[in-house]
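This is a predicted model, so every value here is computed, not measured. Residue numbers start from 1 in every chain, and the chains themselves are labelled A, B, ... in the order their sequence lines are given, proteins ahead of strands. Note: hydrogens, waters and symmetry copies are ignored here, and every other heavy atom, side chains too, is used.
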Protein chains: 2
Amino acid sequence: MKTTVTLEDVARLAGVSPKTVSRVINGEAHVRPATREAVNRAVNELDYRPNLAARSLAASRSLLIGLLGMRLDANFFRAMYFSGVRACRARGYHLMAEEVPEITASSLAELEASLRQARCDGLILTQLSDQAPVLGMLERLQVPYVRLLPGTDPGRSDAVTNIQGEGVQLLAEHLWQLGHRRVLVSSLLGSGQRDMRAALLASGFRAADLTEVKQDWRGQTPAEMGRLLGEQLLTMNPRPTAVCAYNDEIAAALISHAWAHGLSIPADLTVVGYDDAEISRVMWPPITTVHQPFDQMMSEAVNLLLTPNSGDTPRTVICPLTLKVRESSAPPPAEA
Amino acid sequence: MKTTVTLEDVARLAGVSPKTVSRVINGEAHVRPATREAVNRAVNELDYRPNLAARSLAASRSLLIGLLGMRLDANFFRAMYFSGVRACRARGYHLMAEEVPEITASSLAELEASLRQARCDGLILTQLSDQAPVLGMLERLQVPYVRLLPGTDPGRSDAVTNIQGEGVQLLAEHLWQLGHRRVLVSSLLGSGQRDMRAALLASGFRAADLTEVKQDWRGQTPAEMGRLLGEQLLTMNPRPTAVCAYNDEIAAALISHAWAHGLSIPADLTVVGYDDAEISRVMWPPITTVHQPFDQMMSEAVNLLLTPNSGDTPRTVICPLTLKVRESSAPPPAEA
DNA sequence: ACGCCGTTTGACAGCGCTGTCAAACGGCGT
DNA sequence: ACGCCGTTTGACAGCGCTGTCAAACGGCGT
């Protein structure tokens, strides 16, 4: 990068002081329209770009937002990250992904060091929204933060969330309307966010017709969990006509396993997932799933971070989930 | 963030000048061991973190590296990005993802604006390594760049690459050794990088036994491409015993399709992919594929960027590919 | 004991912006 | 014509570092 046009160059060309140019660049009030226009002309003529480093040093803002998660390589997280990048760019901010692999003292210390170094203007929490030690640390450091999909302590901070249980309810109603009555439900230990079983019950299913398989996230890949689910399914009699997988990866693995054992999807078995991950569109059949509006959620989160809260209670923005009906769900086989 | 410890605080505590602290922080030479140690003690005691903005302003380096690609949401790109983040963090740099969706004048102008704003110290190109207009612009802006997997013009810049044809050769040999002789090959129009067919021929296959299906990336999802490949396969007689999919997504879609049509994988049909994407481990069966060492490649790329070239010819680092043999490949059925 | 020269250290300015505060402007009422 | 007061503008310092350059140091040979 050779040519460096500075504020001062613009000011000279426009015949005003650097401070005035700064005002125009930052869209501050108290600039006469004529002045503003003259500055803008000069900016365009010189093709001026403000120096981010100088800006953040002078304003003691970093123009940086951090996105905190437990597993950077989770599909879920990556999708959020790239949605967030777009949301930030639209507001002149940058987004930094930060990994907190576990809630231990050393891991927290590392996070603290990193935060103090980067001096993020705000943080967006995902997967960590319910970790009190993390929240406590952020409050101590006085970093503003927004939680995504918090499960507990709703009034503790600004948050972006869905209507509690909306996603699972959409799935439950879909299955009910298709005519399914016996369902296998996959759930994850320690993750209380999605109570599929409750949603099914609320939609009319009888407890006796629901089988819930709780699996543990740690130490098992989605592929393994899907396979185990498939094995369980094959031993059951009468066999459920539908499976609610905890997420799309598990659904995909289950579908492969089912094919491999002679079950045809969706003719013999309906499988639904959650997240609308890429894999749900790659599989045959494509997977019926619940779509989270990541772009919208991240955009709202950035908004909350950059808009000071004028009231004194934390704000909550609710983003609607949508059901993506694809070919992995159909009415149950004739006389199951 | 309240507490702000500055260089000066450290200097005062250590009893030296700020400049000396700066030298220690940056690992410069010409500091007496005793002094260095005293400074380090002070740094630890105050838990000092340098202010990135001040640093880049003063040094006129941004401590930022850009990763340029055409599709931020491609699996390939995301994997590279997160490998790159780690490689950069290890060197005190940050990585910024930048999207260049198409090679048009307006898209290039936007990129140029963004680059001049962020003032990246260097760029890593992926998917764009062979786009002369992009390279020309970067050279005009004098931004150092490293190309990943360049296909053309190898001497134009530093590059990180594989041995030409290594990946497809690994796959070809694997199939040959398993005993396959008739193979269906999926290739992508306009993407000359992987000549699977040539590799198969070089490994002993006869041209007459190879069928190549060229598909077009634009307008088709991997799922559709895989499905079309599957349809093609079912019409063939004699049927190939193995399919080389262009990538793992296509392989996954093909596998689902094959199951849906009564083919058992790998008993009836071997399917291999490319990239070692997550999906290759989620599917049943897991997909035999070629693994790109993204962590290593990004680490080398960052290295090239941050290590000045002492010679006068561009450098090339070659990273070895490895074959991941999984359950989607097996010997062909008995008398196919 | 002295001078020489490589090594170590520090003084100072400046990177390009923004915050603060005061000065200049300008429209209004009288 | 004058004073008042809200609006617009600019002077100046400073954000926290690093680059430059010169001064201080210190070990060596004589």
Nearest-Å distance for atom pair CD/C1', residues A:E28 and D:dT9: 12 Å
Value in whole Å for how far the C1' atom of C:dT7 lies from CZ of B:R36: 13 Å
Pair of N/O donor and acceptor under 3.5 Å linking C:dG10 base with B:R23 side chain: yes
Gap between atoms CZ and P, on B:R32 and D:dA24 respectively (whole Å): 15 Å
Between C1' of D:dT20 and NE2 of B:H30, the distance in whole Å: 14 Å
Atom-pair distance (CG on A:L7; C1' on D:dT9), nearest Å: 15 Å
Other residues, nucleotides, ligands: >12 heavy atoms within 6.0 Å of B:E139 CD: yes
Salt-bridge present (B:E99, A:R86; N to O < 4.0 Å): no
For atom CZ of B:R61 and atom P of D:dC17, their distance in whole Å: 13 Å
Rounded distance [0.5 Å steps], CD in B:E45 versus CG in B:L13: 5.0 Å
Rounded distance in Å - CZ (B:R12) to P (D:dG16): 12 Å
Separation between CD of B:Q296 and CG of B:N303, rounded to the nearest 0.5 Å: 11.0 Å
